[in-house]
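Following: one structure in structure tokens, then a few remarks.
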Amino acid sequence: MKAERHCGRYVIIAFLISSGIIFNLLYWRFERLSHEMTFYEHFMMSPVAGTITILLIPIMCLSGYYMLKELRLRVRLEEANRELTQMYQELKSIEEMRNSIISNVSHELKTPVTIALNAVELALEEDDPESIREFLGMIRESLHRLNMNIDTLLEYAKIQSGDMKLRFEPLNLPPIIQKVVKEFRPMVIKKKLEIYTDIPPVMPLVRGSREHVKLVLRNLIGNAIKFNVEGGGVGVSVRERGDFVEVCVSDTGIGIPPEKVGRIFERFYQVDSSSTRRHGGIGLGLAIVKDVVQAHGGEITVESEPGKGSKFCFTLPLWREDDGEAAAGG
């Protein structure tokens, strides 16, 4: 900054000296060419006029310099003001999101506990074995829901901290998918749904982490059941696509509004964020699914139409011989 100022001063001094020399030379030249100039012409070509002009030039230059400096300062102040406004809006948005997250998580953890406690109180007052059995079923379902929410939060914490460990191995998908589908049979029967699979008996092995692939399947199939309508259907299909295997989970449920499809993989995002929403959930399931699939080197996509259902597809890379060598070397 100091070097620039010194340089500017030298330029101004050089300009003044050169201007004075030029004006004096011009005066000397015209004085020799003509002695018949008027007083005004003599004055304009005299060293006095040149000196006045030379004195005005730096004044004008300094005036322009300070005007430019003031203009730059105003521009910087406006930019700083815009940045501060943007930061305020972002902080306000973060605060609103934080409050929403706390509210959603608290609700999703407290609700199953409340249901279970109420069921315990009612069961203790009952003598009818059938009623007691019904209350015990409510308690089991509530505790299962609570356990799933806690697992989701723990998995999210691992991803955020970078502690998600993926141990890749060659996986035979058909039996893994069939096993996960079987886990949801009670829920399917209770909601009077039909679940069908389109899985070839023989498929190439994929490169994946067994438990994390199950986690992805449980989230997608669980959502397909949760957001379905009574008497609807859930489908799971598998097919080979080049160097990948694609798994799709479809349903005939409520679907997702087009303007919200692009946000469903965001953390803590709820399609229905109202306090009276019918379907529970923390809003982390699909965010975790996306992170896990991408960590495998795959992609996840969604197609949905309100009132007609949704279709989620994810890909996993095929197992290669060099994958085994890399795993052994690691």
Task: Results of side chain to side chain donor-acceptor pair (under 3.5 Å) for E183 - residues two or more places apart only - done: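 In terms of side chain to side chain donor-acceptor pair (under 3.5 Å), with neighbours along the sequence ignored, E183 is linked to R218.
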Salt bridge (charged side-chain N to carboxylate O under 4.0 Å, His left out) partners for [X], two or more places apart:
X	answer
K179	none
K192	E230
D243	R320
K308	E305

Rounded to the nearest 0.5 Å, what separates atom [atom1] in [X] from atom [atom2] in [Y]?
X	Y	atom1	atom2	value
M187	L193	CE	CG	9.0 Å
F265	D291	CZ	CG	11.0 Å
K190	I225	NZ	CD1	12.0 Å
D198	C248	CG	SG	10.0 Å
R210	L166	CZ	CG	14.0 Å

Closest heavy-atom contact between [X] and [Y]?
X	Y	answer
V249	L220	CG1-O, 3.8 Å
S142	I115	OG-CG2, 3.0 Å
A123	I132	O-CG1, 4.0 Å
P306	P258	CG-CD, 4.0 Å

I'd like to check the side chain to side chain contact (heavy atoms under 4.5 Å, CB included) partners of [X]; sequence neighbours left out, ordered by chain and number.
X	answer
L122	F135
R241	R239, E246
R74	E70
T252	N228

[Y] side chain reached by [X] side chain, heavy atoms, under 4.5 Å:
X	Y	result
L173	V213	yes
F314	L217	yes
T197	Q178	yes
L286	F312	yes
N172	L205	yes
V245	W319	no
S250	Y196	yes
I177	I199	yes

Open item on the list: Does anything in residues 112-129 form a side-chain hydrogen bond (donor to acceptor under 3.5 Å, both in side chains)? List the pairs, not counting sequence neighbours.
Closed with: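 Residue pairs with at least one partner in residues 112-129: D128-S131.
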Task: Any donor-acceptor N/O pair, K191 side chain to K226 backbone, under 3.5 Å - done: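 Yes; at least one donor-acceptor contact below 3.5 Å.
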Task: D251 side chain to S310 backbone, donor-acceptor under 3.5 Å - done: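 Yes: the side chain of D251 pairs with the backbone of S310.
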- [ ] Share the residues that join L73 in a hydrophobic cluster, the rule being Ile, Leu, Val, Met, Phe, Trp or Tyr side chains under 4.5 Å apart at the heavy-atom level.
- [x]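 ILVMFWY cluster around L73 also holds L77.
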TODO: May I ask you to decide whether R133 forms a salt bridge with E130, counting only side-chain N to carboxylate O separations under 4.0 Å?
DONE: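 Not counted as a salt bridge, because no side-chain N and carboxylate O are separated by less than 4.0 Å.
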- [ ] Verify the neighbour count for atom NZ of K214: are there more than 12 heavy atoms of other residues, nucleotides or ligands below 6.0 Å?
- [x]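 Enclosed.
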- [ ] Evaluate the criterion side-chain contact (heavy atoms from CB on, under 4.5 Å) for residue pair E78 and R82; output intermediate values, then yes/no.
- [x] CA-CA 6 Å; E78 289 177 1; R82 283 196 298 268; 4.1 Å; yes
Give the cluster check for [X] versus [Y]: same hydrophobic cluster or not, with ILVMFWY residues linked at side-chain heavy-atom distances below 4.5 Å.
X	Y	value
M138	V120	no
F168	F244	no
I256	V289	yes

TODO: Given side-chain contact (heavy atoms from CB on, under 4.5 Å), test V188 with E194 step by step and report yes or no.
DONE: CA-CA 7 Å; V188 170; E194 180 183 353; over 6 Å; no
Task: CA sep, side-chain torsions, deciding dist, call: L171, R207, side-chain contact (heavy atoms from CB on, under 4.5 Å) - done: CA-CA 6 Å; L171 299 179; R207 176 178 178 268; over 6 Å; no
Please table the atom pairs, donor to acceptor, closer than 3.5 Å between any side-chain atom in residues 292-303 and protein atoms at least two apart or in another chain.
unit_1, atom_1, unit_2, atom_2, d
H296, ND1, V292, O, 2.8
H296, NE2, S209, N, 2.9

